[in-house]
Amino acid sequence: MPMEKNFNATEAEARLAAAWDAIGAFKAGANAKPGAEPFCIMIPPPNVTGSLHMGHAFNNTLQDILVRWHRMQGHDTLWQPGTDHAGIATQMVTEREMAKEGNLSRREMGREAFTQRVWQQKKKSRATIIGQLKRLGASCDWSREAFTMSGAPDAPKGEEGNFHDAVIKVFVDLYNKGLIYRGKRLVNWDPHFETAISDLEVEQIEVAGHMWHFKYPLAGGATYEYVEKDEDGTVTLRETRDYISIATTRPETMLGDGAVAVHPSDERYAPIVGMLCEIPVGPKEHRRLIPIIADEYPDPSFGSGAVKITGAHDFNDYAVAKRAGIPCYRLMDTRAQMRADGAPYDEAATIAMAVAKGEKTLTEAEVDAINLVPDDLRGLDRYEARKRVIDQITSEGLAVTQLVKSIDKETGAEHLELVPLVDQNKMMQPHGDRSKVVIEPMLTDQWFVDTAKIVEPALEAVRSGRTKIIPASGEKTYYHWLENIEPWCISRQLWWGHQIPVWYTLGRKLALEDAEKSLSQHSQAGEDVRLVADGILKDMAEVRRSGYGDIGIICASNEQEARKKAEAEFELPPKFFATEEEAKAYLAEDPTRGKRETLLYRDPDVLDTWFSSGLWPIGTLGWPEQTPELQKYFPTSVLVTGADILFFWVARMMMMQLAVVDQVPFHTVYLHGLVRDAKGKKMSKSLGNVIDPLEIIDEYGTDALRFTNAAMASLGGTLKLDTNRIAGYRNFTTKLWNATRFAEMNGVFGAEGMAQSHTSAIRSPDVQNTVNRWIIGETARARIAVDDALTNFRFNDAADVLYKFVWGKVCDWYVEFAKPLMDGEFAPETRATMAWVLDQCYLLLHPFMPFITEELWGLTGQRAKMLVHGDWPSYGAELIDEKADAEMNWVISLIEEIRSSRTQMRVPVGLKLPMLQVALDDKGRAAWARNQAIICRLARIDSLTEAAAPKGAITVAVEGGTFALPLEGVIDIAEEKARLSKGLEKLKKDIASLSGRLNNPKFVASAPDEIIDETRDNLHLNEAEAAKLQTALARLADAG
RNA sequence: GGGCGCGUAGCUCAGCGGUAGAGCACUACGUUGACAUCGUAGUGGUCACAGGUUCGAUCCCUGUCGCGCCCA
């Protein structure tokens, strides 16, 4: 049955995918030769938030190319698939969908119901994603599909697995090793999701910012000489001030100021360091006073040089406050609204005043309990509070002002007006990468990984080359980040994720807080702390030493274990509660219960998604069980991923795998560029600027998309979607299809020569014809180049080689050369060679274009195996026949010369011309004799006669000879002169350049011999050709 | 401000010491046994700029200008 005219991608892709599936083609170890070396890639698990975008298509194409390439080589190959639960992102998507559907909100629903709802979202998204990957032809072992939350306690049926156990085990182990700790720290707080996020999840976005300048009056009406000097020390301003000027972009945080800081070297403020000043906002009668302190942090040259210190709402201020023992007053709640809890403002302010004056010291918990938001601002959004604060200060005359010309709208009169000074500057503001809202630094209790303690092996592994990062620039970035690594905040106040396996003791915690309080009361009362009970002191010391320390904390894999530990650790029998609230309610019913039982409740927080995905390599292979797969495939071979998640994921996998199993997770990391949208913007799920790869696949076919991806995968670049290019590679598939069609129409795959034509090993001696010997050599070159490129992860080079070989050599020339050979003595070997060459095309292209190649493989013969398990060729230079190579290149250049000449002389394409052989060396004569039919056919020559060139002929100069096309009366002499002159000009230029170099003694002395030889050869060739053109021009001059 | 990287044909990008490349676009012309999703032949580049190293620089070094990205 003759082949269709075009490849029907849509129909064939589904059919072939099913066929692969039916034979288990992608199963781990499929097609492996006995004793084969393992090759394993872990898929970067897509988030179960929706569907895949072009970035995923790109990423997975590259992985699949490597995997198919290795599988065909007979390696024991595993491509491990799966998805990531992606805590915050998935929770966000689910909540969004719930809102769209008009469902109950998350909080109305409750934790249990909500997580079940997210599991549904997971199921849906997972199906979409896996479907997309399959359409892409991803040859993952689908039977091993993993999920980062498989086996979680609330997982529905069908979500079994042990990933959750692995995550929890690692948390417990790291906790026991002291690598995970809990502490009250300033963290990035996302007011939308009401959770802490890590530094990496914060995006700095430039916004139009405003800076206000306010006067903080000195306490008690004190004054000082304020002196400003220029660089030379000349006094430029001297005045008596009763205030210190502060600039701020966040006036609402003034309410929580604990101090004003100036640089110790700043002479302007030296007189007032140590004094108190007044925060110019809040009820008059309870204005708070705060100390003016010296610290290295303020930059004397920026603003007024004085900085307000709000330790609870700014990272720099927090550091200053910690150094100086300044209290950090928290002003906002989890939604970044001004706090509405606690005692009224006057009470809070009174306590804060006592602290500022040094009359009182507070515990952290006490500081946190103080709400310094004035009653009229409580409950307001932070931005509304900001407006009011500014208004209040300004109306009181405490804003720094400037004179501005203004026009009265009614009278039109011009007058000068004092208006508050507001600088308009662009500023970088932190935003949540998911929520896009402004991040609020927030003082909260969180869990941290002590990354500084586990970073060293991860650095060493790359430095020593045990893990290689490609491109090398990625290594620099990796070092830079890891060498300056910050503690990793791993707790998230979300519901979707691995709940932290920690239980707190309610009673003991409360007791400790009481003890702390009483201790501070004793010390404030001037009592010797030694008077406080020994037991409390001992506990306090431990509390102080380890933050919240281990006291009252049970970390265990599950509740049963937690119970055992609690029984061993505490004298009173443990009682477990799901939440702190339940435990408190239980205690409130009968306060003496706390003396009879240890009340325990679980930490409600979940782990950062990256904590679990950081265990992807071992977790998907069954760890902590010592599975055969873990033994065989770990450490894995290559990780292919985007450079953007080098820190998020790659670095953390390195650290965690090394910390947990003391091995690198992969030998090579291939970082690729980012897929951008048309404007160069990063494509992201939440931004909505994604392009659905399925649309591209529907229009152009998977193979075209994949080949485009490979072709654009140059190292270090970015990838912009270009549909024209995809169309170009779709055309390439058509080209291959039609070359096959030609072969089929010419009986290449006929029953007769079949057995012979499909032997994978073709031996040069079996093939006599130069054309066939040549294409066999070209095939070998292509195979070598493709392997070389793929070995070095040069996907674009591999694609380029294949494109040029298949289109530029096989289709453009070999098929044409073969046409006249289809009859006559070389017909059998030509058919055999063509069958072999096309087989090689299918084999070499299969990793890039699996569908069309598998289809052609199946259409062109009865095969022992599907192409997906085809044997990757290993032949090499031994198939290259240099003589055949030289001869065919000569033939090609002769044909090109003739065609070019004809076109420029406007010889009608259809016209067959006689040709004269003016001069030709022996090699040329032999070449002509062997390839006459081809040349005549392709250059449209009808005869060759040995003769001198007549007047009015086109000259065709090639290596070793000159031909002429007699066209007297037909050609335009001037045109031919121009053509020859143009060629001659270029040759002359080249000759000048080449001989210039050769005449330079330094060149001859310094350059390598092969370069000198090459230059000399080139010069001779150019000179020979120039001579021929000169002769031709001279003849034309005679004629003209 | 610190780090990484990029300025090559009209466009999108390869190449990174030895006489400038691809695809698309553009121009002209369409023949012989697959292919118009095609064929043939062309047009088009001071390889951002200025210095330096070298026999030789698009490639290495320094600086300048312009543009990204990451981290402050």
Side-chain angles (χ1 to χ4, degrees), chain A residues 2-3 5-7 199-200 202-204 315-316 428 430 471 473-474 476-477 479-481 484 643-644 646-647 673-674 676 678 680 682 700-701 704 708 711-746 748 794 796-797 799-800 803-804 807-808 811-812 815-816 818-820 822-823 895-896 899-904 906-912 936-940 986 989-994 996-1008 1010-1012 1014-1015 1018-1019 1022:
Chain A
M3 285 170 68
K5 218 175 166 188
N6 282 302
F7 174 53
D199 299 347
L200 288 176
V202 176
E203 282 176 352
Q204 299 291 335
F315 285 96
N316 291 312
M428 298 304 278
S473 62
K476 284 189 197 171
T477 318
Y479 295 142
H480 189 255
W481 189 68
N484 299 289
D644 55 332
L646 179 63
F647 307 143
L674 301 179
R676 301 271 161 89
K682 194 168 144 181
Y700 300 101
T708 309
M712 295 178 98
S714 65
L715 288 171
T718 55
L719 182 87
K720 283 187 200 167
L721 194 68
D722 181 355
T723 47
N724 278 330
R725 196 154 177 187
I726 301 172
Y729 290 122
R730 185 269 323 270
N731 297 353
F732 177 55
T733 64
T734 308
K735 192 75 181 171
L736 179 68
W737 182 266
N738 280 300
T740 302
R741 219 171 128 239
F742 167 82
E744 189 244 16
M745 289 164 78
N746 282 276
V748 165
R794 313 277 304 212
N796 58 319
D797 285 353
D800 198 45
Y803 186 90
K804 284 179 174 156
W807 200 316
C811 295
D812 284 351
V815 169
E816 294 304 327
K819 283 176 185 172
M822 285 300 173
D823 305 311
I895 293 167
E896 283 178 339
R899 282 171 170 174
S900 179
S901 311
R902 290 176 56 122
T903 307
Q904 282 178 65
R906 303 208 177 92
V907 177
V909 219
L911 186 63
K912 288 196 173 188
C936 290
R937 182 190 178 92
L938 295 179
R940 299 199 68 70
K986 188 176 182 313
K989 226 172 109 188
D990 290 348
I991 288 165
S993 153
L994 292 167
R997 267 197 275 167
L998 287 165
N999 290 336
N1000 181 348
K1002 284 187 184 163
F1003 172 73
V1004 183
S1006 327
E1010 59 195 70
I1011 296 295
I1012 298 174
E1014 196 185 310
T1015 310
N1018 268 333
L1019 179 64
N1022 284 348

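Computed from heavy atoms alone, side chains included, the values below leave out hydrogens, waters and symmetry copies. Please read all numbers here as calculations on a predicted model, not as lab measurements.
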Looking at [options], which one has an atom nearest to any side-chain atom of [X]?
| X | options | result |
| --- | --- | --- |
| A:Phe742 | B:A34, B:A36, B:G23 | B:A34 |
| A:Arg794 | B:G21, B:C35, B:C16 | B:C16 |
| A:Asn796 | B:A34, B:C55, B:A14 | B:A14 |
| A:Arg997 | B:A34, B:G33, B:G18 | B:G18 |
| A:Pro1008 | B:C35, B:G18, B:U19 | B:G18 |
| A:Asn1018 | B:G18, B:U19, B:C35 | B:U19 |
| A:Arg937 | B:G33, B:U12, B:C70 | B:G33 |

Next on the checklist: Tell me which one of A:Ile1011, A:Leu1019, A:Ile1012, A:Asn1018 satisfies side chain to side chain contact (heavy atoms under 4.5 Å, CB included) with A:Thr1015.
Outcome noted: A:Ile1011
Checklist entry - Think A:Arg741 has a side-chain N or O under 4.0 angstrom from the OP1 or OP2 of B:G33? => result no
Checklist entry - Would you say a side-chain N or O of A:Lys5 is under 4.0 Å from OP1 or OP2 of B:A36? => result yes
Next on the checklist: What's the separation between atom SG in A:Cys811 and atom CG in A:Leu736, rounded to the nearest 0.5 Å?
Outcome noted: 6.5 Å
Checklist entry - Quick one: CZ on A:Arg730 to CZ on A:Arg725, what's the gap to the nearest 0.5 Å? => result 15.5 Å
Checklist entry - How is A:Asn1000 classified with respect to the nucleic acid when contacts are heavy atoms under 4.0 Å: base, sugar-phosphate, or nothing? => result sugar-phosphate
Checklist entry - Under 4.0 angstrom, heavy atoms only, what part of the nucleic acid is A:Asn1022 near: base, sugar-phosphate, or nothing? => result base
Checklist entry - What pairs with A:Glu896 under salt bridge (charged side-chain N to carboxylate O under 4.0 Å, His left out), at least two apart in sequence or on another chain? => result none
Next on the checklist: Both atom distances under 3.5 Å, Watson-Crick or G-U wobble: I'd like the secondary structure of RNA chain B as a dot-bracket string, with | for pairs made across strands.
Outcome noted: ((((((((.[[[[.)..(..]]]].(((((.......))))).....[[[[[..)....]]]]]))))))).
Item to check | Atom C1', compared across B:G7 and B:C49: separation rounded to whole Å | outcome: 11 Å
Next on the checklist: Suppose you measure atom P in B:G42 against the same atom in B:G21; what distance do you get, rounded to whole Å?
Outcome noted: 14 Å
Item to check | Check: A:Arg899 main-chain N/O paired with A:Arg940 side-chain donor or acceptor under 3.5 Å | outcome: no
Checklist entry - In B/S/- notation, 5' to 3', how is nucleotides 37-43 of chain B contacted by protein heavy atoms closer than 4.0 Å? => result BSSSSSS
